[in-house]
Undergrad: 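Mind having a look at this structure? Questions to follow.
Residues: numbered from 1 along the sequence shown. Both backbone and side-chain heavy atoms feed into the values below; hydrogens, waters and symmetry mates do not.
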Amino acid sequence: MLKSILGSASKQINVIKRKSGEKFIEKIYGEDAMKIFYGSPAGAAFTSKFLTNKWISNIYGAYNDSGASKHKIEEFVNSMGIDVTESEKDISEYHSFNDFFARKLHSRARPINRLTNSIISPGDGRLLVFPNITDATISNVKWAPIKLIDLFQGNESLSERYKNGACAILRLCPSDYHRFHFPVSGKAGITKTVPGLLHSVNPYALEQQIPVYCMNKRTLCELDSDQFGKVLLIEVGALFVGTIVQTYRPAVQVEKGDEKGYFKFGGSTCIFFFENDIMEFDDDIVKASQQGIETLVQMGEKIGHLAERKA
């Protein structure tokens, strides 16, 4: 009865494999739940009212931090096709589901592009880029427009700085590696937490025209980079993901690819901004993004570069 009221429509989320150029349909973890939670306006309203508060995330998070959740790991690995050979530890060595979920990878698994003028992906996920933000708004055809002043919690200085700049949105799925890293080198400031709800960041939610990124719990951190000016780094919590852990030290030089932190269970998002005319995203990612198609990338691979200086 609940499913019939709240919605059951399936969505095909097309993603491009960057290395081959092949398009594929994303496998959605917990898709039946997403259909109920966000498959219709009624479902989205129900979810917003009852499921997006932090106390639900806290309860579910406590369970996933406990040894009682360890039994979920093997089923999760098998259902999502996760390559556990990339992990630092054997699957039997993880003490809870969140312990595995926030797993570290061995250094060979994610080589870092070390070209001095390159920008790397800060994590594994599906990438959309916006080379030129206009009118201080980020907009995708299927989304509610994202106003920078709302995303930045009313900070007019940040909104002014990045309103004509470039933006990238990296969407992590539950099956992805869930640690995030610095896309360029420099000195990072303190990370500020912005309280908020915990909507899903899945396209099911975005296509209900919910301004998820402006409503959800998120963090803001400016990086004074070596070559790319000020870079703003944002991590966004999601449905059942209230915990964003920062592992770096503020005001200390970090190198491109160094770890910044990690998410606990769920799909989550990293958003990062560059100032106007300072960088360019790679052409293949731009072309896919213009079609509204995300590109599958891995942490450490080049996604952009320093813009050529105009004479």
Undergrad: Using modelled atom types only, decide if a donor and an acceptor are shared between the side chain of D258 and the backbone of E255 within a distance under 3.5 Å.
TA: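 Checking the backbone N and O of E255 against the side chain of D258, a donor-acceptor pair under 3.5 Å is found.
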Undergrad: When you look at K256 and S118, which way does the side chain to side chain donor-acceptor pair (under 3.5 Å) test go after all the steps?
TA: CA-CA 9 Å; K256 177 170 52 179; S118 71; 2.7 Å; yes
Undergrad: Just by distance, do the side chain of E160 and the backbone of S157 share a donor-acceptor pair under 3.5 Å?
TA: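 No, E160 side chain to S157 backbone: no donor-acceptor pair under 3.5 Å.
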Undergrad: Verify the distance criterion only: is there a donor paired with an acceptor across the side chains of D83 and T85 at less than 3.5 Å?
TA: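 Side chains of D83 and T85: pair found under 3.5 Å.
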Undergrad: Identify whether the distance between the nearest side-chain nitrogen and carboxylate oxygen of R218 and E235 falls below 4.0 Å.
TA: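 Between E235 and R218 there is no salt bridge, as every charged N stays at least 4.0 Å from the carboxylate O atoms.
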Undergrad: For the rings on F101 and H178, is their centre-to-centre separation under 6.0 Å?
TA: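 So the answer is yes for these two rings.
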Undergrad: Once rounded to the nearest 0.5 Å, what's the spacing between atom CG of L148 and atom CG of N164?
TA: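 Going from CG on L148 over to CG on N164, the span is 9.5 Å.
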Undergrad: Do R179 and E259 meet the salt-bridge criterion of a basic N to acidic O distance under 4.0 Å?
TA: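 Salt bridge present between E259 and R179.
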Undergrad: Judged by atom type as modelled, is there a donor-acceptor pair below 3.5 Å linking the side chain of N155 to the main-chain atoms of F152?
TA: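 The answer is no, because no donor-acceptor pair under 3.5 Å joins these two groups.
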Undergrad: I'd like to know if the side chain of N14 pairs up with that of E294 as donor and acceptor (distance under 3.5 Å, no hydrogens or angles considered).
TA: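 No - no donor-acceptor pair under 3.5 Å links their side chains.
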Undergrad: What do you reckon, are the aromatic ring centroids of F180 and F263 less than 6.0 Å apart?
TA: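 Yes, the ring centres sit under 6.0 Å apart.
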Undergrad: Knowing that exactly one of H106, K104, R110, R103 qualifies, which makes a side-chain hydrogen bond (donor to acceptor under 3.5 Å, both in side chains) with E86?
TA: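 Only one option passes, and that is R110.
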Undergrad: The test is salt bridge (charged side-chain N to carboxylate O under 4.0 Å, His left out); show your working for R18 and D282 and say whether it passes.
TA: CA-CA 11 Å; R18 192 176 191 194; D282 289 349; 2.8 Å; yes
Undergrad: Please assess V297 against R126 for the test side-chain contact (heavy atoms from CB on, under 4.5 Å), listing each intermediate value before the final yes or no.
TA: CA-CA 6 Å; V297 296; R126 292 121 187 90; over 6 Å; no
Undergrad: Main chain of M299, side chain of D124: is a donor-acceptor contact present, judged purely on distance under 3.5 Å?
TA: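 Looks like yes, one N/O pair under 3.5 Å.
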Undergrad: Of F100, F265, Y63, which meets side-chain contact (heavy atoms from CB on, under 4.5 Å) against S69?
TA: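 For S69, the side-chain contact (heavy atoms from CB on, under 4.5 Å) check succeeds only for Y63.
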Undergrad: Rounded to the nearest 0.5 Å, how far apart are CD1 of I234 and CG of N216?
TA: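 Atom-to-atom, I234:CD1 and N216:CG are 12.0 Å apart.
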Undergrad: Tell me yes or no: between the side chains of T137 and D135, is some donor less than 3.5 Å from an acceptor?
TA: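 No, because no side-chain N or O of T137 sits under 3.5 Å from a partner of the opposite role on D135.
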Undergrad: In Å and rounded to the nearest 0.5 Å, what is the NE2 to CZ distance from H305 to F228?
TA: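 Rounded to the nearest 0.5 Å, the NE2-CZ separation comes out at 9.0 Å.
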Undergrad: Is there a donor-acceptor contact under 3.5 Å from the side chain of E275 to the main chain of V231?
TA: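 Side chain of E275 to backbone of V231: no pair is present.
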Undergrad: Mind telling me whether F130 and W143 have parallel, tilted or perpendicular rings, with 30° and 60° as the class edges?
TA: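 W143 and F130: tilted rings.
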Undergrad: For E301 and Q298, indicate whether the former's side chain and the latter's backbone hold a donor-acceptor pair under 3.5 Å.
TA: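 Side chain of E301 to backbone of Q298: a pair is present.
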Undergrad: How are the rings of F272 and F274 set to each other: parallel, tilted or perpendicular (split at 30° and 60°)?
TA: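 Perpendicular: the ring planes of F272 and F274 meet at over 60°.
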Undergrad: State whether a side-chain donor-acceptor pair under 3.5 Å links S225 with K187.
TA: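 Short answer, no.
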Undergrad: Does a salt bridge link K89 with D99, judged by any charged N lying under 4.0 Å from a carboxylate O?
TA: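 Salt bridge flag = yes for D99 with K89.
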Undergrad: What distance separates Q153 CD from T193 OG1, expressed to the nearest 0.5 Å?
TA: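 Rounded to the nearest 0.5 Å, the CD-OG1 separation comes to 10.0 Å.
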